[in-house]
Q: 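Can you read through this structure? Questions will come right after.
We name chains A, B, ... by the order of the sequence lines, and we start the count at 1 in each one. As the structure is a computational prediction, the values presented were derived from the model and not from experiment.
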Amino acid sequence: MNRTWNRLLASLFAAVLATSATARGQAVDDEDEPDQPVQQLNGFVLNDATFGQLAFGVQDLGSVRARMDSYLTLKVEDVDRACALTAGQKQKLKLAGRGDIKRTWDRVEEKKRKYVNMTHDQNKLNEIAQDLQSLRVVLNGDPFVDGTFFSKALKSTLTDEQIARYDKSVMDKKAYRYRAKVDLVVATLDQTAGFTAKQREQLLDLILHETKPPKQFGPYDYQVVMIQLSKIAEDKLKPIFDDIQWAMLRRRFDQSRAMEAILIKNNVLPGPEDAAVLPAQPAPRADPPAVRRTFDGK
Amino acid sequence: MMRISTPLAICSAACAVVASTVVSAQVTKTEVRTKTTTEEPNPKRPAAVREAVKTEAVLRQQMVPAIGLRQGAMNKAALAQQVTQQLRPFLRVEYHFIRKVCEPSPEQRGQIARAGERALRETAAQYPNGNLNAAQVIVMGRNGMATQSFNDPIKPIRDGLAKAVEQFLTPEQAARYKDEVKRKNEHWKQVAVRTIVTRLDQDLLLTADQRAAIGDSLRDHWNETWASSVTALVNIEHYFPPIPDEHIMPSLDAAQKDIWQALQVNRRLVRFGIGANRLDDGPEDQELTEARQAEDKAGSKE
């Protein structure tokens, strides 16, 4: 009975993990089975490892902290490469970054106090996973985005010229990353509907003109593209495809909308204030020329 | 009378079963589990009854393996059906792609559809346990230490259709198809390289020059197992393909190298399915329906 319960709980645990991240339903990890939540009467208890697995996808919380520290080092170097920082500026940025790490880690500790070594109702696992999702976004994305001490220190420490240089480098990076995600979405849909090269180019071009990068990059980038794509006006989108393709794609678009609430909750969907990669195109194109975008110079 | 009628009823049932399982002769012996208990004749019983009991025992011995054979065949058919259903959406997509690119005549469409249906069934037959996991793609850790298994169940279907394109379409139509497939493969490689570089950028904050240099290195030394499926790329957040360090490290600075090496500990052995559940079972072209029915008919005759 105990074994059966443990298996059920482990399956549920795995399912929650699978659905809490980017479309990873088919991944099966053969190597290290995560520690399973310990069964108690009418509930389960999370330990540090299972909490780490649920919050960050790794069992060792120390490695999460170490990763944030090393990311700060890289972040300061990244700014330095773009703007040639003085020693004093570097010091200020590092200090601000350490403040962000501490703040994030305080949140982790708070959640640990709430969940670790406590008995939870067996039906609450999904709810807990949802509550911890915001931590996962911080770790998998950039922990020093707008609103952090680091970003404020950038604005107050750098000269206008340095800021302009850094903004350009950030925009290039954003454009590259977003283009990669858009490419991946197009490739996925290609597998669903069998596009010609011309259709791929038209769809890619349309998405890049009509959608925006996520507010912050992270585990939901793919869904951010899909949801925006599903909302592009039909008179712009439909003419690219034939009827059979359109029928298949519409289903995919409808399915993608199921994620919208989660994306809103995690504040990753771009709003009117966010910049697009390319300006929107006003009219539908019945037979547009093949266009290849060259964000990365390729 | 009851004692005699029971074995008779069993006899007729067994005959029916035996007759109907002739077609199941290909089922291997290992799949058949028989119960071979026999009833010893009781000398106190009348001769007719003893004979009837003996007959029943013999028939029971014949019948049990026959039922086993039948169930084995039914299971096999059900499993083949299961795999066929999983793979069918891929056939639809590939067939529709050919229709779109080559604009075949109705007669050509029928020929391509029939070839595709055959390829689908032959592929499904390669998974007799009904489990496409046998075709899973193995993706290992970042340092490329481990070997990989790459067995794409969609490939034989594509190959079957490509062969049919060569066989039944004009050279001009076949050339168009080849060109589109080539461009599709190039696009896939481009998508994969960008996705991998983006993933590295996420961890290592690369400069534009570093992104370009690593991208070039990956393109120049491309290994298709690094991005074997859409699923593998969608999951790259969590599982990085086993790309040898020589294509990445030379472009990194000292701090990035340290972090990259530290990240090596997060090696994973991950299996990705073919992504069949990500395909919708969309509308089917008429020729495909006809081809399926024709193959069903041919199969039932055999």
Q: Shorter than 4.5 Å, heavy atoms on both sides: which option in A/Asp60, A/Asp78, A/Leu74 has the most such pairs with chain B?
A: A/Leu74
Q: Judged by modelled atom types alone, do B/Glu287 and B/Tyr95 share a side-chain donor-acceptor pair under 3.5 Å?
A: yes
Q: Without hydrogens or angle criteria, can the side chains of B/Gln286 and B/Glu290 be said to hold a donor-acceptor pair below 3.5 Å?
A: yes
Q: Take A/Lys174 and A/Phe217 through the test side chain to side chain contact (heavy atoms under 4.5 Å, CB included) and record every step on the way to the result.
A: CA-CA 8 Å; A/Lys174 248 186 172 181; A/Phe217 285 91; 3.4 Å; yes
Q: For B/Glu117, enumerate each residue passing the side-chain hydrogen bond (donor to acceptor under 3.5 Å, both in side chains) test, keeping only those at least two apart in sequence or located in another chain.
A: B/Arg88, B/Arg121
Q: Is it the backbone or the side chain of A/Arg81 that comes under 4.5 Å from a heavy atom of chain B, or both, or neither?
A: side chain
Q: Measure distances from B/Asp179 to the heavy atoms of chain A and classify the residue's part below 4.5 Å as side chain, backbone, both or neither.
A: neither
Q: Among B/Ile98, B/Asp201, B/Leu233, B/Val193, which has the most heavy-atom pairs under 4.5 Å with chain A?
A: B/Asp201
Q: Partners of B/Gln108 by side-chain hydrogen bond (donor to acceptor under 3.5 Å, both in side chains), sequence neighbours excluded?
A: B/Ser105, B/Gln173
Q: Among A/Lys75, A/Gln245, A/Lys173, which residue forms the greatest number of heavy-atom pairs with chain B at distances under 4.5 Å?
A: A/Lys173
Q: Between A/Arg200 and A/Phe195, is NZ or CZ placed under 6.0 angstrom from the six-membered ring centre and within 45° of the ring axis?
A: no
Q: Check whether A/Ser169 gets within reach of chain B through its side chain, its backbone, both or neither, counting any heavy atom under 4.5 Å.
A: neither
Q: Going by atom types alone, do B/Arg219 and B/Gln190 pair a side-chain donor with an acceptor below 3.5 Å?
A: yes
Q: Quick check on B/Gln256 against chain A: is it the side chain, the backbone, both or neither that has a heavy atom closer than 4.5 Å?
A: both
Q: Please classify the contact of B/Lys100 with chain A as side chain, backbone, both or neither, using a heavy-atom distance under 4.5 Å.
A: side chain
Q: Would you mind telling me which of A/Leu184, A/Asp190, A/Val182, A/Val185 has the largest number of heavy-atom pairs within less than 4.5 Å of chain B?
A: A/Leu184
